[in-house]
Novice: 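This is the structure I have questions about; it appears just below.
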Number of protein chains: 2
Amino acid sequence: MLNVKTSEQARDIICSSFKDSIPGFEAVEIEDCLGRILYEDIRCGEPVPGFDRSTVDGYAVAASSTFGCSDSMPAILKQTAEVIMGQETPAQIDADSCAYVPTGGHIPFGANAMVMIEHTEDYGDGTLGILRPCAPGSNIIFKGDDVKKGTVVFRRGTRLSCAEIGVLAALGQARVKVFKRPRVAVISTGDELADVRSKLLAGQIRDVNGYVLCSSLEAIGCEPVHSGIIKDDAGDLLGSVRLACESSDLVLISGGSSVGVKDAVFQTIDALGEVFFHGISIKPGKPTICGKVGSVPVFGLPGHPLAAYFIFDIFVRPLLFSLMGACDARRPSIAVLDTAIPSNHGREECVPVKIYGDEGDLCCSPVFIKSGLISALSSTHGYIRIPRDCEGLSKGEPVKITLY
Amino acid sequence: MLNVKTSEQARDIICSSFKDSIPGFEAVEIEDCLGRILYEDIRCGEPVPGFDRSTVDGYAVAASSTFGCSDSMPAILKQTAEVIMGQETPAQIDADSCAYVPTGGHIPFGANAMVMIEHTEDYGDGTLGILRPCAPGSNIIFKGDDVKKGTVVFRRGTRLSCAEIGVLAALGQARVKVFKRPRVAVISTGDELADVRSKLLAGQIRDVNGYVLCSSLEAIGCEPVHSGIIKDDAGDLLGSVRLACESSDLVLISGGSSVGVKDAVFQTIDALGEVFFHGISIKPGKPTICGKVGSVPVFGLPGHPLAAYFIFDIFVRPLLFSLMGACDARRPSIAVLDTAIPSNHGREECVPVKIYGDEGDLCCSPVFIKSGLISALSSTHGYIRIPRDCEGLSKGEPVKITLY
């Protein structure tokens, strides 16, 4: 007898049961932090830029010395030493002087505006004509304009994409604390399973879940540990799960499809720790088990690849994101359903769909498949979830699609 | 003088100039192929499943022997040996017999349907009552139902996500040929640049482009080689670019912002190979250079991080995807512009935007920023491209956003 929970109940139990299971942090170099999630707030330790910089090639001036000038009546200023790129300038500007500054160069003391070179005339005698007036602050990025010293630039939990990595570089942050990648053991059970590298004997099928789950884990930034195939033997399973729980942050057991094996997974978790629930009112994926061994979350997933994938995606993936201190930023796509889907009679249902059409005008077709077909996963783009109290979906209805 | 091209011209030149630059293939193990792109078609060498399988726990029968039975008038069949999971069964079924088969088990010769155990009654004397008639094919996945032998399952150019990896596992494909990851050298030029690990001297700013470009390359599956900072010296640059071209599949040089350096990058590419264009009519990003040294594409990107990122994203990224034999599957998001953007006077313009609101009802705000501010990249979500012949965008207009 399964003690079946609704999706919402299952989610709530998962949310509340694993608060103390966070794997902790590690420090990584900036070159290795793509996709990692910050464990610490990042505060700006040096203003960016660190000095007033020109955004044009031209002349640094005191803006007031250009007021009222024009093509016909240039402001005549004395040229002082050029500013050299990458060096602090010793030059000082007053009402009668100016200095050449290249784009990105240091604005000399006393100047508060840059005149573009196109708006000047070099008389060749050490003086320069300014042909257009400029306002204070023109063509300058001031010290700290990009990031002020002391600002909290990124909060704990920020996922580091190339934009954030660029800002870390600008701030001189070569090493940051990030959440450890959860180490997740993946065990496949079943006497009928053969590994991808084995000779396939009569009556055997290949283990698919091990590879789908490991690559799904890798894709979201976890560290999968492929523990391989365990035969339907209570003793073997107990040993493998115990070992996995000692060396991992989370354990996934998929399969087997026979009644005996389902009991073995349940009994194994129950013997080593605690089972929170056995069974979710969802199709496919009903025979799901969730429990804990020590502080390690352990899931028993269905043996059918599609069901195992859906249960992983809906229930385990959000938990892994929360163990990594992050939110799952995946946004659903909206598409118009091109075929009605009948009522699912009181069980939540996941239906794989194909998407077609252009952005802003997307359509989708539900794909109804025999249980256990793995090709369905690669020939569709995502899935829709039909709530258990829904009386079916109509043709033409917009639906939310979770993309793989 | 720049020989400025429109975006379309630049794209066409890039498309047609690097057809012979594909880095080739390598064979990788299934554990290492997430995100890689197939170099070969994958054909099904063994049917999936390899035998007729039950999808339920129950009894294998000849369907015709159940026709007309009911609760009150069961069909009485003799039970032969149980089918053992993962083994071929020697049992043979005829019109008078049946065999127990667990979910996933091998259907014995002579049977063509499975009766669920719930619809049977075991009399304990070696006979079984079938309580409901079943149609031929009921509750069976037939040999090759999932994938038929000889089918081309994936075409060259397919990106391997977890779904495809699952199918490869099911097919017994432990090793596949994939496009080599393009090795891309990233060089930053500029006397004003300091690396993230250096002490920042007065007048210096930190190199941002090196880190943004390397992580962007990594994110799309290329192999970045960070060549560091080269000072504004024609000889140094020539040596570095020559070396990079010898050991990489593509070379990116960013910066510097001074006139002198722009010339040096142009002259370097021109000296070592050929320059196709110098300047794109796009804002930001005008001073972009595209050329070739041997068969190696070489790009001179602007020094400003935001401009360098946009040019990389718009022009280099599609080329890298095509060198990897793939399409860029990124779909734009559609959102409603909440602020009008004035005309851009004959130059294409990229404007970073913040996105807010719910899926299906997204809005976006343009963010206007001083040139060169890196924080703009991390505080926005993507950018819109305003074509050069567009007279500005109105408030309330739906726009396409390329997400970072």
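A, B, ... follow the sequence lines: proteins, then strands. Residue 1 opens every chain.
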Novice: Is it the backbone or the side chain of Leu217(B) that comes under 4.5 Å from a heavy atom of chain A, or both, or neither?
Specialist: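 When you check distances to chain A, no heavy atom of Leu217(B) falls under 4.5 Å.
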Novice: Please flag which part of Gln204(B) lies under 4.5 Å from any non-hydrogen atom of chain A: side chain, backbone, both or neither.
Specialist: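 Contact with chain A is through both the backbone and side chain of Gln204(B).
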Novice: Of the backbone (N, CA, C, O) and the side chain (C-beta and beyond), which part of Ile117(A) lies under 4.5 Å from a heavy atom of chain B, both, or neither?
Specialist: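 No part of Ile117(A) comes within 4.5 Å of chain B.
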Novice: Check this for me: does any side-chain nitrogen of one of Lys148(B) and Glu46(B) sit under 4.0 Å from a carboxylate oxygen of the other?
Specialist: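 Looking at Lys148(B) and Glu46(B), the cut-off is not met.
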Novice: Keeping the roles fixed (side chain from Asn209(A), backbone from Gly303(A)), state whether a donor-acceptor pair exists under 3.5 Å.
Specialist: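 Pair found, side chain donor or acceptor close to backbone of Gly303(A).
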Novice: So which of His106(B), Arg331(B), Gln173(B) has the biggest tally of heavy-atom pairs under 4.5 Å with chain A?
Specialist: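 The candidate making the most pairs under 4.5 Å is Arg331(B).
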Novice: With chain A, which of Pro332(B), Ser379(B), Gly210(B) has the greatest number of heavy-atom pairs at distances under 4.5 Å?
Specialist: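 Going by pairs under 4.5 Å, I would pick Pro332(B).
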Novice: Specify which of Leu213(B), Val212(B), Ile205(B), Val83(B) makes the most heavy-atom pairs with chain A at under 4.5 Å.
Specialist: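 Heavy-atom pairs under 4.5 Å are most numerous for Ile205(B).
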Novice: Are Glu31(B) and Arg36(B) close enough, and set up right, to give a salt bridge (charged side-chain N to carboxylate O under 4.0 Å, His left out), and what steps lead you there?
Specialist: CA-CA 11 Å; Glu31(B) 288 83 357; Arg36(B) 301 300 296 266; over 6 Å; no
Novice: Side chain from CB out, backbone as N, CA, C, O: work out which of these in Asp207(B) comes under 4.5 Å of a heavy atom of chain A, or both, or neither.
Specialist: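 It is the backbone, since no side chain atom gets that close.
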Novice: Going through the checks in order, is the side-chain contact (heavy atoms from CB on, under 4.5 Å) test met by Cys162(B) and Tyr404(A)?
Specialist: CA-CA 8 Å; Cys162(B) 53; Tyr404(A) 300 142; 5.5 Å; no
Novice: Salt-bridge test for Arg197(A) and Glu29(B): reply yes if a basic N is under 4.0 Å from a carboxylate O, no otherwise.
Specialist: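 Judged by the 4.0 Å cut-off on N to carboxylate O distance, Arg197(A) and Glu29(B) do form a salt bridge.
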Novice: Would you find more than 12 non-hydrogen atoms of other residues, nucleotides or ligands less than 6.0 Å from Phe109(A) atom CZ?
Specialist: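 Count not over threshold, so no.
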Novice: With the threshold set at 4.0 Å, does a side-chain nitrogen-carboxylate oxygen contact exist between Arg159(B) and Glu164(B)?
Specialist: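 Looking at Glu164(B) together with Arg159(B), the answer is no, because their closest N to O distance does not fall below 4.0 Å.
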Novice: Begin with the C-alpha distance, continue with both residues' side-chain angles, and end with the deciding distance and a verdict on side-chain contact (heavy atoms from CB on, under 4.5 Å) for Asp313(A) and Thr402(A).
Specialist: CA-CA 9 Å; Asp313(A) 205 57; Thr402(A) 305; 3.7 Å; yes
Novice: I'd like to know which of Pro398(B), Ala163(B), Gly105(B) tops the heavy-atom pair count under 4.5 Å against chain A.
Specialist: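 Greatest number of close heavy-atom pairs with chain A: Ala163(B).
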Novice: Counting only non-hydrogen atoms closer than 4.5 Å, does Glu218(A) touch chain B with its backbone (N, CA, C, O), its side chain (CB onward), both, or neither?
Specialist: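 Glu218(A) touches chain B through backbone and side-chain heavy atoms alike.
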Novice: Is it the side chain or the backbone of Leu171(A) that comes within 4.5 Å of chain B heavy atoms, both, or neither?
Specialist: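 The backbone, not the side chain.
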Novice: Of the backbone (N, CA, C, O) and the side chain (C-beta and beyond), which part of Leu168(B) lies under 4.5 Å from a heavy atom of chain A, both, or neither?
Specialist: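 For Leu168(B), the backbone is the part near chain A, not the side chain.
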Novice: Quick check on the interface: out of Phe51(A), Phe154(A), Tyr309(A), who has the most heavy-atom pairs with chain B under 4.5 Å?
Specialist: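 Most heavy-atom pairs within the cutoff with chain B belong to Phe51(A).
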Novice: Once ring pair (Phe, Tyr, Trp, His ring centres under 6.0 Å) is applied, do any residues pair with Phe310(A), and if so which ones, sequence neighbours excluded?
Specialist: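 So Phe310(A) forms a ring pair (Phe, Tyr, Trp, His ring centres under 6.0 Å) with Tyr383(A).
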Novice: Please look at Ile30(A) and chain B and tell me whether the side chain, the backbone, both or neither of the residue comes under 4.5 angstrom of a heavy atom of that chain.
Specialist: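 Both parts, heavy atoms under 4.5 Å.
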Novice: Gly86(A), Ser215(A), Gly203(A): which one forms the most heavy-atom pairs within less than 4.5 Å of chain B?
Specialist: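 Ranked by contacts with chain B, first place is Gly203(A).
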